[in-house]
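What follows is a set of notes on a single structure, which appears directly below.
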Amino acid sequence: MNNKLLRAATLLLILSAALSGCAADAEETTAGSANESATESAAETIEETEAIETSETSTLEAGVYINGRLVELEDDSTVDLDLLSVENGITVTVVKEDDEQVLVNGEEVESTLSLDITAITREDVLEIEVTDEEDTLTCTVNLMPSDFGDFTTEGESQTGGDYYLSTYDEDTNYIFKLDSSGNLIFYKETGDNALDFRKVYNSDGEVRYTYLQYLENSFCGISGINPGCVVVMDENYDVIDELYYQTEDGEDRMVDPHGFIYLDDGHYILTSYVDEVVEDIPEDLEATDNSAYLAVLYVQEIQDGEVLWEFCSRDYESFLYATTAVTWSESTDSCYDYMHFNSMYIDEDDHLLISCRNINSILKLSRETGELVWILGGTEDEFGLTDDQLFSKQHSIIVTADGSYMIFNNANDEVSAGTTESSSIIRLKVDESTMEVTEYTEYETDFYSNYMGSIRELDSEEGIYLWAVGGNYSGEIPEYSMVEYSETDGVLFTFRFDEGSRKLYCANKCE
């Protein structure tokens, strides 16, 4: 048997023993199964990958795996990992020749080493040394990547679950999880921006992790609406699907990464844009030749490959009057993002709410036909919002347990609620039979965020919410990027990157 086959057989034996020993833990935590699956993946790839590449004459053959994922060791170097979960500790697995010795932090490892590390810190590293009679390799493995920004948490959370976050607008970006105490317990390097990382469940109760991934710089050359896809991972953080918008001819089109809704495996609501010259613009808008070059918004629900319904913003003249983003006299010179979708949520009646920043409005869409039901906010508002209740350039719409709507109001337009000195969280109830606002509350955030921001309800009985503060601040940078907030006790828990330029697109907390 040659060396490569011997190592593969040895690894399979080692991993089988490791899997048996971890069975009890795996029943208690999905993180245990994550490590097991990653270990199985290592067994599948061992025959394809040389574990260590030192030089053309190196005699070293050992392979080192962290939670089942092969580490590409390089002599006299420091290595970052692109994915790590410590939700069930760390297992180091070694596959080596008989004459080789592997040391991890000074401890010799024959097959596996379990490390009781349940929080990822800058200080935690693995010093690895591999030797045989002829060669020696030394390598340092960072458990926290060198380009992962330092952060600070303060306070004490009063709700369960983990925080699901992502870096934004960095050279290298990460999705990551913090436990309720603020410890980093998982990260995955995503390259370009990845938004709205969260944990969901399919109809069989199986865990899915989802996020929106940038793939290109922009739709139609428009900054702020970058095309990409939805990434779906299983409980082991292995990618099992990538989702795209489905066109009439059955082709895939990239989605807009501001938001989507996972309903089940194979069942989603997605958005996308198409740059189109829209004809028959109303004469009173004085568009050149009564036409405009617009980024037209599309929304669709897909189940098992079938489009159930589709909404197209081009079908509604009212949006042309509501937009604050088009210079009509120059409307054919470049493509205009006249809607700018940025959030969606399913209402209590099972229809869809979407937030569109550039018309200062929340729209309700029928999930039976895709037709527009009503408009809340903006110049085309149908609910009689007063001047003090109007919101502008808003981001994030949710429905609370009592049926209220909550909105992150950026308030950076000529139409805004209250003062433009501060962005705010707005909570309101509407009566759809009388088309009136019945309740209205505004919470000041004490900072002014030009764009982004999110709101989530964590505990309806205790009145606890989670918000991310957005970006491109006017005035001083906020003290935090995310806050868990109580209506009775105020700020409970905060997170911030230590570098002021880093920000969060949104924040989630999931059980």
Side-chain angles (χ1 to χ4, degrees), residues 1-22 25 31-32 34-146 187 236:
M1 181 180 293
N2 62 37
N3 287 341
K4 185 176 292 187
L5 291 177
L6 176 62
R7 295 203 315 279
T10 304
L11 178 62
L12 288 172
L13 290 173
I14 290 171
L15 299 185
S16 296
L19 292 175
S20 298
C22 293
D25 292 338
N35 291 345
E36 292 167 11
S37 175
T39 303
E40 292 171 355
S41 176
E44 294 170 358
T45 60
I46 183 64
E47 293 191 20
E48 301 176 5
T49 308
E50 288 297 328
I52 299 176
E53 297 180 2
T54 55
S55 69
E56 292 182 359
T57 60
S58 172
T59 61
L60 298 172
E61 297 284 348
V64 176
Y65 299 78
I66 296 178
N67 288 350
R69 296 179 183 271
L70 177 67
V71 181
E72 296 288 349
L73 303 177
E74 297 180 9
D75 190 24
D76 195 25
S77 67
T78 300
V79 175
D80 287 336
L81 303 176
D82 59 9
L83 185 152
L84 180 65
S85 167
V86 297
E87 294 156 284
N88 198 41
I90 290 179
T91 299
V92 180
T93 303
V94 171
V95 179
K96 64 184 185 65
E97 302 293 334
D98 291 339
D99 62 342
E100 290 178 327
Q101 181 184 56
V102 178
L103 302 179
V104 178
N105 290 347
E107 181 175 350
E108 183 174 0
V109 182
E110 287 292 336
S111 59
T112 60
L113 173 67
S114 296
L115 301 174
D116 187 22
I117 296 176
T118 55
I120 303 168
T121 69
R122 185 74 65 199
E123 292 72 29
D124 286 322
V125 298
L126 300 183
E127 299 288 353
I128 298 176
E129 180 178 316
V130 182
T131 61
D132 64 8
E133 295 177 353
E134 300 180 21
D135 291 316
T136 298
L137 176 147
T138 60
C139 183
T140 300
V141 177
N142 292 326
L143 296 189
M144 179 184 286
S146 56
Y187 63 80
N236 307 312

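What you are looking at is a predicted structure, and each value in this text was computed from that prediction instead of being measured.
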Of all the heavy-atom pairs spanning [X] and [Y], show the shortest one and how long it is.
| X | Y | result |
| --- | --- | --- |
| Lys96 | Ala62 | CB-CB, 3.8 Å |
| Ser85 | Asn67 | O-ND2, 2.8 Å |
| Met144 | Asp80 | O-OD1, 4.4 Å |
| Val86 | Ala119 | CG2-N, 3.7 Å |
| Leu137 | Cys139 | CD2-CB, 4.1 Å |
| Thr138 | Asp75 | N-OD1, 3.1 Å |

Indicate yes or no: at least one non-hydrogen side-chain atom of [X] is less than 4.5 angstrom from one of [Y].
| X | Y | result |
| --- | --- | --- |
| Asp135 | Val130 | no |
| Arg69 | Leu83 | yes |
| Ile90 | Leu143 | yes |
| Val92 | Val102 | no |

What distance do [X] atom [atom1] and [Y] atom [atom2] have between them, rounded to the nearest 0.5 Å?
| X | Y | atom1 | atom2 | result |
| --- | --- | --- | --- | --- |
| Leu70 | Thr93 | CG | OG1 | 11.0 Å |
| Ile117 | Leu126 | CD1 | CG | 6.0 Å |
| Glu87 | Ile120 | CD | CD1 | 8.5 Å |
| Glu110 | Gln101 | CD | CD | 8.0 Å |
| Glu127 | Glu107 | CD | CD | 14.5 Å |
| Glu97 | Asp132 | CD | CG | 9.0 Å |

inquiry  = Would the distance check show the side chain of Glu74 and the main-chain N or O of Val79 forming a donor-acceptor pair, the cut-off being under 3.5 Å?
reply    =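 Not a single qualifying donor-acceptor pair exists.
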Under 3.5 Å donor-acceptor, Asn142 side chain and Val125 backbone =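 Checked: no pair found.
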